[in-house]
Amino acid sequence: MTRESASASAQPAPVRAAIVQLLSNMRDGKEIREYLTRFSALDQERFAVIKVGGAIIEEDLDALAGALAFLQSVGLAPIVVHGGGPQLNATLEAAGFPEDRVDGLRITPPEAMGVVRDTLTAVNLKLVQAVRDHGGRAAAIPSGVFEAELIDEARLGRVGSPTRVRLDLVAAAARAGQAPILGCLGDTSDGRLVNVNADSAVRALVHELQPYKIVFLTGTGALLDAGGTPISAINLATDHDDLMASGWVTGGMRLKLQEIKRLLDDLPLTSSVSITRPGELAKELFTHAGAGTLVRKGERMLELTSPGEIDRERMARLIESSFGRKPVAGYFDRLDFERAFVTEQYRAAAITARLDDAVYLDKFAVLDEARGEGLGGAVWKRLIAHAPRLYWRSRSDNPVNEFYFSTCHGAVKHGRWTVFWRGESDLTRIPAMVARIAALPATLEEA
Ligand code: ARG
């Protein structure tokens with residue numbers, strides 16, 4: 001695809017606005033550069049598959065087209081798959097085919113196929129034109145990519161399930177420097193046009209391409225928890241069973257989560273799914289914190305109960321990457337070790353020690369490149385469950401303090417340290433604990 005290195009000021013106004021908005025959301029340009037390097041290093045047809053529902057094209061077209069044009073302007077070439085649910089509802093209804101679904105699939109009589117084709121083609125062109133209006137180059141591919149077989153003609157009519165993905169059309173567009181915009185019109189081996197459900201089209205495409213990212217652009221822009229608050233990250237290896245067992249993951253959320261798991265099960269560990277809204281796509285892609293929900297297959301959690309089980313070399317590397325300083329010589333031997341919670345690839349960890357009958361968190365470390373994945377959160381959750389009464393300390397310049405202040409039940413500054421605690425029921429014990437913790441020897445080498 002295109003790799004234009006033009007400066008922001010040479011970009012069309014909407015793209016420039018997107019860059020400015022993105023940069024203003026960030027502490028510095030380091031993150032954006034890191035992600036840009038990471039994404040650019042991929043074969044571009046493997047960078048991302050972006051699924052857009054028809055409702056977004058109706059309601060948020062400007063932000064969507066701007067976001068896609070922006071990605072193109074920085075040389076990234078996602079493949080877009082769009083639906084057209086609301087549009088089809090309207091045109092089919094007007095043509096005398098009111099909406100009727102079985103198992104979530106739209107019953108599509110053969111006589112309705114002309115309307116389906118014209119409607120989805122129009123939706124496709126509308127998005128392509130909008131991307132072009134924002135200064136991007138896009139190729140209209142409303143049909144011809146998904147070969148499909150009829151699922152149950154008697155019950156569903158012309159509804160197909162993809163059997164083959166013709167990537168040559170997609171690749172040709174990409175080679176010509178155009179973002180491929182795919183509609184979900186399939187065709188059978190004997191050349192009949194069929195309606196393909198957008199989720200199954202995405203699944204087939206993802207299976208074929210093995211992309212690094214899958215993005216769902218939705219109106220809500222995230223998966224929501226029981227209280228309606230967006231969930232920032234889900235690490236399936238540690239969170240999936242809990243979520244499925246919880247009473248509040250029901251209905252659409254449950255289906256969505258199952259669909260995402262199914263997609264990720266088919267992909268390498270490094271791949272991830274993001275759910276966000278068009279206006280926040282750049283922030284989601286180019287920052288650690290993101291904007292929306294990031295779902296990864298993730299790493300399982302190890303719970304180590306004796307110091308001998310720690311892979312010291314990997315743990316030392318994790319600590320150094322996280323704090324920018326090495327653990328002091330003999331750190332692992334001096335430690336009054338209690339437990340370590342470590343993700344299996346040693347990308348996030350918590351190490352605890354005993355302090356009388358309380359638990360002292362000696363190290364909480366997350367690999368720089370793993371920030372935003374939810375691994376730190378997964379470790380923290382295990383730690384809290386393990387240690388209802390917990391103390392820890394942190395230097396005042398530690399960027400994690402913001403999180404510590406939000407999760408602690410109390411904190412006291414003592415010299416260069418802030419000492420935090422959770423779950424202390426006997427407040428009279430706190431002063432002595434704080435003094436003792438602040439006086440503990442250094443565990444990291446001086447920079
Ligand atoms: N920018 C990274 C990515 O796209 C991390 C995103 C984190 N997002 C989140 N909602 N926690 O993979």
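When a ligand or atom number is given, it counts from 1 through the structure's own listing order.
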Which pairs count as salt bridge (Lys or Arg N to Asp or Glu O under 4.0 Å) when at least one residue sits in residues 232-247, sequence neighbours excluded?
-> Asp239-Lys381
Contact check: [X] vs ligand 1, nitrogen or oxygen atoms, below 3.5 angstrom:
| X | result |
| --- | --- |
| Ser232 | yes |
| Leu285 | yes |
| Glu284 | yes |

With a cut-off of 4.0 Å, which atoms of ligand 1 are near a heavy atom of [X]?
| X | answer |
| --- | --- |
| Gly292 | 10 (N) |
| Thr287 | 1 (N), 2 (C), 5 (C), 6 (C) |
| His288 | 5 (C), 6 (C), 7 (C) |

Heavy-atom nearest neighbour in the protein, as seen from atom 4 (O) of ligand 1, with distance rounded to 0.1 Å | Lys213 NZ, 2.9 Å
Glu309 side-chain N/O to Ser306 backbone N/O, donor-acceptor pair under 3.5 Å = yes
Could you tell me whether the side chain of Glu31 and the main chain of His288 form a donor-acceptor pair under 3.5 Å?
-> yes
Any chance the side chains of Arg117 and Ser143 put a donor and an acceptor closer than 3.5 Å?
-> no
Sequence neighbours left out, what pairs pass side chain to side chain donor-acceptor pair (under 3.5 Å) with at least one residue falling in residues 208-217?
-> Arg38-Tyr212, Lys213-Ser272, Lys213-Ser274
Select the closest option to atom 9 (C) of ligand 1 among Ser271, Ala233, Ala289, judged by heavy-atom distance.
-> Ala289
If the plane angle is over 60° it's perpendicular, under 30° parallel, otherwise tilted; pick one for Phe39 and Phe47.
-> tilted
